[in-house]
Enquirer: 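Here it is, the structure, as structure tokens.
Every value quoted in this text rests on a predicted model; they were computed, and no experiment measured them. Residue numbers begin at 1 in each chain, while the letters A, B, ... track the order of the sequences.
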Number of protein chains: 2
Amino acid sequence: MIQSQAFAAPAHLALDAGADDVMARMGLRMTFAKDEEIYGQDEDADLIYRVVSGAVRTSRLMSDGRRQIGDFYYPGEMFGLEAVKQHRFSAEALCDCVILVLKASALRVAAGETAYDRMVQVATNSELDRTQDHLLLLGRKSASERVASFLIGLADRRRSDAVTLPMGRQDMADYLGLTIETVSRMLTQLQAALVVEFAGARQFRIANRAALARMAD
Amino acid sequence: MIQSQAFAAPAHLALDAGADDVMARMGLRMTFAKDEEIYGQDEDADLIYRVVSGAVRTSRLMSDGRRQIGDFYYPGEMFGLEAVKQHRFSAEALCDCVILVLKASALRVAAGETAYDRMVQVATNSELDRTQDHLLLLGRKSASERVASFLIGLADRRRSDAVTLPMGRQDMADYLGLTIETVSRMLTQLQAALVVEFAGARQFRIANRAALARMAD
DNA sequence: CGACGCTTTGACAAACTTCAATCCCCGTGG
DNA sequence: CCACGGGGATTGAAGTTTGTCAAAGCGTCG
């Protein structure tokens with residue numbers, strides 16, 4: 001299912017109005033199929049991206065196939081511009097999606113060097129903040145805390161208590177540093193505790209936000 | 001023991017020559033005792049720091065006392081300037097140490113706005129890179145891989161195969177997302193495999209770098 | 001309606017943690 | 001210089017959490 005409902009991007013990930021406009025006017029609109037690569041690990045980074053519809057994951061693979069997902073990106077959010085020269089993670093489409101792509105140098109010229117630099121700095125900082133939260137989650141939280149954190153974080157980011165998951169269990173697991181089986185068990189447990197309700201595997205609603213927040217720590 | 005041998009900081013963490021000079025001339029030299037706080041979580045971030053001697057850790061606490069260490073910093077390296085407005089991690093002295101402290105605004109004026117912005121951008125990016133490596137370590141590596149990664153990473157950063165650890169086992173454990181017992185067991189295992197040699201708990205030498213690199217993945 | 005892929009569940013195994021005891025530095029004081 | 005004391009480190013045994021493997025369930029899409 002394509003993630004297509006419109007909503008505002010969280011402030012920390014949105015372009016400022018001017019650059020946003022530039023991007024919409026000058027950017028190239030590209031469509032990617034589910035699981036298609038948008039850019040690769042160790043690829044040169046001279047493009048910036050913005051999700052129009054659908055959703056994106058960034059991930060890194062180990063030689064034996066283990067995978068860590070860095071983050072997910074939703075409509076209105078930018079990604080790929082935190083790299084200095086080369087990407088450290090690859091980016092792939094979570095589902096069929098439309099992405100606005102623009103040369104960094106073009107945006108730099110169009111938006112002005114100062115505005116561009118400020119924008120990149122803000123984006124990099126918000127990326128770092130989010131990565132540091134993720135670090136605490138992976139280093140010190142239990143499986144149930146990780147899943148609770150994920151659900152509440154997603155709901156906050158999407159500004160809604162009822163969310164459609166754009167990713168499957170494997171993507172959640174690779175984001176949370178768990179296996180799909182453990183993720184599934186924790187979700188079952190959260191439902192049994194009447195903290196969240198699921199309608200199918202992809203649609204959930206937070207039934208008890210205080211309890212969920214408590215479980216996420 | 002104070003970590004005082006002189007060496008060059010890795011390029012990615014060093015100030016460029018001009019700013020470095022400014023910092024040495026204008027910065028305030030402060031000494032911190034072991035475990036003393038340099039700045040606190042959620043404190044305003046308007047100062048930048050540079051390690052002169054000793055070593056520093058950044059860490060975040062959960063309400064129940066679980067701790068995640070973000071990174072360690074060594075002589076010549078800067079820290080604390082990646083925050084936009086507030087620190088997300090606190091910083092503490094790993095051992096008695098000397099830190100150069102300077103107001104960000106002062107460096108901004110002295111070094112020039114452009115040079116300052118570039119410097120902050122470079123520092124933030126290197127911080128993000130390191131944090132992303134850390135993410136993979138915490139999310140997808142086994143205990144032995146984590147310890148191997150830590151040792152080889154430390155040796156690379158210090159540019160030597162023989163290193164004195166400035167931190168105790170608890171700090172290593174909180175960086176690696178493990179317990180001190182597990183860290184200790186993995187170290188014992190690495191010694192038994194003749195991959196590293198320890199002289200006391202704080203002094204080690206890499207005996208088989210290829211094997212260690214393989215174990216770190 | 002049927003088949004395929006994803007998710008859930010169960011039983012078992014492995015990895016890591018916990019708790020407790022012992023050891024070993026290392027610094028101090030006799 | 002050596003004995004002693006203490007804090008951190010190591011080791012062991014048992015427990016818990018999470019992973020693995022296998023089977024069954026469910027939904028979605030032809």
Enquirer: So, the side chain of B/Arg169 versus the backbone of B/Glu181: is there a donor-acceptor pair under 3.5 Å, distance only?
Expert: no

Enquirer: If the plane angle is over 60° it's perpendicular, under 30° parallel, otherwise tilted; pick one for B/His134 and B/Tyr175.
Expert: parallel

Enquirer: Figure out the CE/C1' separation between B/Met167 and D/dA9, and round it to whole Å.
Expert: 16 Å

Enquirer: Grab the CG-P distance between A/Leu187 and C/dT7 for me, whole Å please.
Expert: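 Nearest whole value for this atom pair: 10 Å.
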
Enquirer: What is the separation between atom CD on A/Gln203 and atom C1' on D/dT28, rounded to the nearest whole Å?
Expert: 15 Å

Enquirer: What is the separation between atom CZ on A/Arg66 and atom P on D/dT18, rounded to the nearest whole Å?
Expert: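 Taking CZ of A/Arg66 and P of D/dT18, I get 18 Å after rounding.
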
Enquirer: May I have the distance from B/Leu138 (atom CG) to D/dT18 (atom P), rounded to whole angstrom?
Expert: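 From B/Leu138 CG to D/dT18 P: 15 Å.
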
Enquirer: Please say which of B/Val51, B/Asp71, B/Leu94 ends up in a side-chain contact (heavy atoms from CB on, under 4.5 Å) with B/Val56.
Expert: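 Among the candidates, only B/Val51 passes.
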
Enquirer: Counting only N and O atoms by type, is there a donor-acceptor contact under 3.5 Å from the side chain of B/Arg202 to the main-chain atoms of B/Val163?
Expert: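 A pair under 3.5 Å: no.
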
Enquirer: May I ask you to verify if any side-chain N or O of B/Ser184 is less than 4.0 angstrom from the OP1 or OP2 atom of D/dT11?
Expert: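 No, because none of the side-chain N or O atoms of B/Ser184 sits under 4.0 Å from OP1 or OP2 of D/dT11.
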
Enquirer: Does the A/Arg209 side chain pair with the main chain of A/Ala207, one donor and one acceptor, at a distance under 3.5 Å?
Expert: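 A pair under 3.5 Å: no.
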
Enquirer: Atom CD1 of A/Ile180 to atom P of C/dG10: distance rounded to whole Å?
Expert: 16 Å

Enquirer: Indicate yes or no: does A/Asp217 engage A/Lys141 in a salt bridge with an N to O separation below 4.0 Å.
Expert: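 Salt bridge: no.
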
Enquirer: Between atom CZ in A/Phe198 and atom P in D/dG27, what is the gap in whole Å?
Expert: 14 Å

Enquirer: Atom CD of B/Gln170 to atom P of D/dT10: distance rounded to whole Å?
Expert: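 Atom-to-atom, B/Gln170 to D/dT10, this comes out as 13 Å.
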
Enquirer: Using ring centroids (six-membered ring only for Trp), state whether B/Tyr49 and B/Tyr39 fall under 6.0 Å.
Expert: yes

Enquirer: Extract from the structure each pairing of a protein N or O with an N or O of nucleotides 25-27 of chain C at less than 3.5 Å, listing the distance.
Expert:
none

Enquirer: Across nucleotides 14-21 of chain C, 5' to 3', mark each nucleotide with B, S or - according to how protein heavy atoms within less than 4.0 Å reach it.
Expert: --SBBB--

Enquirer: My understanding is that only residues two or more places apart in sequence, or in another chain, count here; which of them pass side-chain contact (heavy atoms from CB on, under 4.5 Å) with A/Ala193?
Expert: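 Result, side-chain contact (heavy atoms from CB on, under 4.5 Å) vs A/Ala193: A/Val195.
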
Enquirer: Going from CG on B/Asn125 to CZ on A/Arg88, what distance comes out if it is rounded to the nearest 0.5 angstrom?
Expert: 8.5 Å

